[in-house]
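I have placed the structure first, in the form of structure tokens, so that the comments after it can refer back to it.
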Amino acid sequence: MKRLHVMLMGAVLALAALISTPVAATAATTGFHVSAGRIYDANGAEFVPQGINHAHAWYPSETDAFAGIRAAGANTVRVVVSGGRYGTTSAAELTTLITKCKENKLVCILENHDTTGYGEDGSAKTLAQAAAYWTSVKSALIGQEKYVMINIGNEPFGNSGYQNWKSDTISAIQTMRAAGLTHTLVADAPNWGQDWSFTMRDNAAAVAAADGNTVFSVHMYGVFDTAAEVRSYIDSFRSRSLPLMVGEFGNLHSDGDPDETTIMSYTRSQGVGVLAWSWSGNSGGVEYLDLVNGFDASSLTPWGQRFINGADGLKARNPQVASVYGSIGGGAGTAPNGYPYCASAASDPDGDGWGWENNASCVVPSGTGTAPNGFPYCASSASDPDGDGWGWENSRSCVVR
């Protein structure tokens, strides 16, 4: 989030004009990873980030926010940090933030806010500077790949210089990979995050070809004020198997009236991640974007009521927590057939759903991988109320193991 300076969105280009995604290089990782436009966690279970942004850099004492965000139903928190523009979030502080996420079974998307509006805001930093920050604090990040995604830089261009988004994004990714950061990376769109120029949309395939463990993030405010615009943008990524999340959005904004109803319903139906801005602490005339009053989890604002308790909100979505926290076996518990769950999907090299650990057969956790018939396994047996072996998750059929 920031002061939005937004130009009118141009006419939506035909999807047929968009090219297919090339096969991408992928950083070796033991944590989150991307495949065919979907995000998977360390156990191989599909993961859809659904949650809330938290402005930690400006409110570092509000660590109770993590518990409140989890209680609201989130499986992910996107955390504002800074490499100098808003103070410096140290490696030790990042470790504390990651610990808070783990304690509350939240996936941390750590985002560097320093780049917001570069080219238009004179105080903004470059993506290269953001990458340098991440490498400087890598001691807190390496080893946390199961729990953390790194959002390279928030809204890395305003409405000037955004033509450099592709080259600057690829360069920043290469810097971070060379430093040993194998995490899933998140690349924000230019144009204050809203990509009205379609720069990210039209160059995402090239970035994905350069690094296959990168997720793209668009911010939806006044530019996305119609259902057609919301759906067309999401469809352009889904049709090319490019991973996308809505990293920020609101129900109101000074630059226009976002269509939050479609943003919430269509991300849900398409299995696309969505993160509302923001828990609390907004100022400068956008206080209406607070989800709770004064960081009080028991005092929801109208926006908080809408996003948390409304149609297609967090409570209705009931997001699955990452399986590394134990929601889908995760090496603990027993499958319905009496065999233990495997601790790792790597125990099943032939992909038949069975692994071998501790000198015994084990079941790869439900929600991991693909059944022999080509359909994904369900994340939960509760998705099959009639017991016929078929479930329904993320708006598609799945196989109950």
Quick one: CE on M176 to CD1 on I152, what's the gap to the nearest 0.5 Å?
-> 5.5 Å

Is the number of heavy atoms from other residues, nucleotides or ligands within 6.0 Å of CG (D296) greater than 12?
-> yes

Summary of ring-ring contact (aromatic ring centres under 6.0 Å, His included) pairs that have at least one residue in residues 120-158, sequence neighbours excluded | Y118-F157, Y147-Y325

Can you label the angle between the W58 ring and the H113 ring as parallel, tilted or perpendicular, going by 30° and 60°?
-> perpendicular

Using a distance-only test with no angle check, is there a side-chain donor-acceptor pair under 3.5 angstrom linking R238 and Q270?
-> no

Considering non-hydrogen atoms only, spot the tightest contact between P190 and T199 and give its length.
-> CG-CB, 3.9 Å

Think R240 forms a cation-pi with F237, using NZ or CZ under 6.0 Å from the six-ring centre and within 45 degrees of its axis?
-> yes

Does D235 offer a backbone N or O that forms a donor-acceptor pair with the side chain of R231 under 3.5 Å?
-> no

How long is the span from the CD atom in Q144 to the CD1 atom in I150, to the nearest 0.5 Å?
-> 10.5 Å

Centroid-to-centroid, F249 to Y221, below 6.0 Å?
-> no

Rounded to the nearest 0.5 Å, the NE2 atom of H54 sits from the CD1 atom of I109 at a distance of 14.5 Å

Can you find a pair of side-chain heavy atoms, one from C101 and one from V77, that are under 4.5 Å apart?
-> yes

Taking all heavy atoms of A71 and all of K315, pick out the closest pair and write down the distance.
-> O-NZ, 2.8 Å

Residues Y233, V218; criterion side chain to side chain contact (heavy atoms under 4.5 Å, CB included); working and verdict = CA-CA 9 Å; Y233 196 89; V218 66; 3.7 Å; yes

Does a donor on one side chain sit under 3.5 Å from an acceptor on the other, for T301 and N293?
-> no

Give a yes-or-no answer on whether the side chains of T184 and N213 include a donor-acceptor pair shorter than 3.5 Å.
-> yes

Is there a donor-acceptor contact under 3.5 Å from the side chain of E111 to the main chain of V79?
-> no

Assess the side chains of D255 and Q194: does a donor N or O sit below 3.5 Å from an acceptor N or O?
-> yes

Evaluation steps, salt bridge (charged side-chain N to carboxylate O under 4.0 Å, His left out), between D41 and K146 = CA-CA 7 Å; D41 70 15; K146 294 181 180 180; over 6 Å; no

Roughly how far, to the nearest 0.5 Å, is NE2 of H219 from CG of L275?
-> 8.5 Å

Side chains of residues 302-313: which donor-acceptor partners sit under 3.5 Å, not counting sequence neighbours?
unit_1: W303; atom_1: NE1; unit_2: W277; atom_2: O; d: 2.9
unit_1: Q305; atom_1: OE1; unit_2: N309; atom_2: ND2; d: 3.0
unit_1: R306; atom_1: NH1; unit_2: A311; atom_2: O; d: 2.9
unit_1: D312; atom_1: OD1; unit_2: R268; atom_2: NH1; d: 3.0

Who passes side-chain hydrogen bond (donor to acceptor under 3.5 Å, both in side chains) against N151, sequence neighbours left out?
-> R78, D188

S278 and N53 side chains, donor-acceptor separation under 3.5 Å | no

Distance-only, no hydrogens or angles: does the K166 side chain make a donor-acceptor pair with backbone N or O of A206 under 3.5 Å?
-> no

Roughly how far, to the nearest 0.5 Å, is the CG atom of N251 from the OG1 atom of T261?
-> 9.0 Å

In short, side-chain hydrogen bond (donor to acceptor under 3.5 Å, both in side chains) pairs touching residues 68-77 with sequence neighbours left out are none

Are V272 and V48 side-chain neighbours, meaning at least one heavy-atom pair lies under 4.5 Å?
-> no

Steps toward side chain to side chain contact (heavy atoms under 4.5 Å, CB included) verdict (D259, D225) | CA-CA 5 Å; D259 184 357; D225 57 358; 5.7 Å; no

Of all heavy-atom pairs between G222 and P258, which one has the smallest distance, and what is that distance?
-> N-CG, 4.1 Å

With sequence neighbours left out, the residues meeting side chain to side chain contact (heavy atoms under 4.5 Å, CB included) with Y288 are L252, H253, S254, V286

Just by distance, do the side chain of D195 and the backbone of M200 share a donor-acceptor pair under 3.5 Å?
-> yes

Check the side chains of R317 and T267 for a donor-acceptor pair under 3.5 angstrom, ignoring hydrogens and angles.
-> yes

How about W165 and V207: do any of their side-chain heavy atoms sit closer than 4.5 Å?
-> yes

Would a distance-only check, ignoring hydrogens and angles, find a side-chain to backbone donor-acceptor pair under 3.5 Å from S232 to E229?
-> no

Between the main-chain N or O of S167 and the side-chain N or O of S171, is there a donor-acceptor pair closer than 3.5 Å?
-> no

All heavy atoms of S280 vs all of G294, minimum pair found to be OG-N, 3.5 Å

Is the centre of the Y59 ring less than 6.0 Å from the centre of the F295 ring?
-> yes

Among pairs that include at least one residue of residues 82-95, which meet side-chain hydrogen bond (donor to acceptor under 3.5 Å, both in side chains), considering only residues two or more places apart or in two chains?
-> H56-E93, S82-D114, R85-D121, R85-S123

Centroid-to-centroid, W196 to F224, below 6.0 Å?
-> no

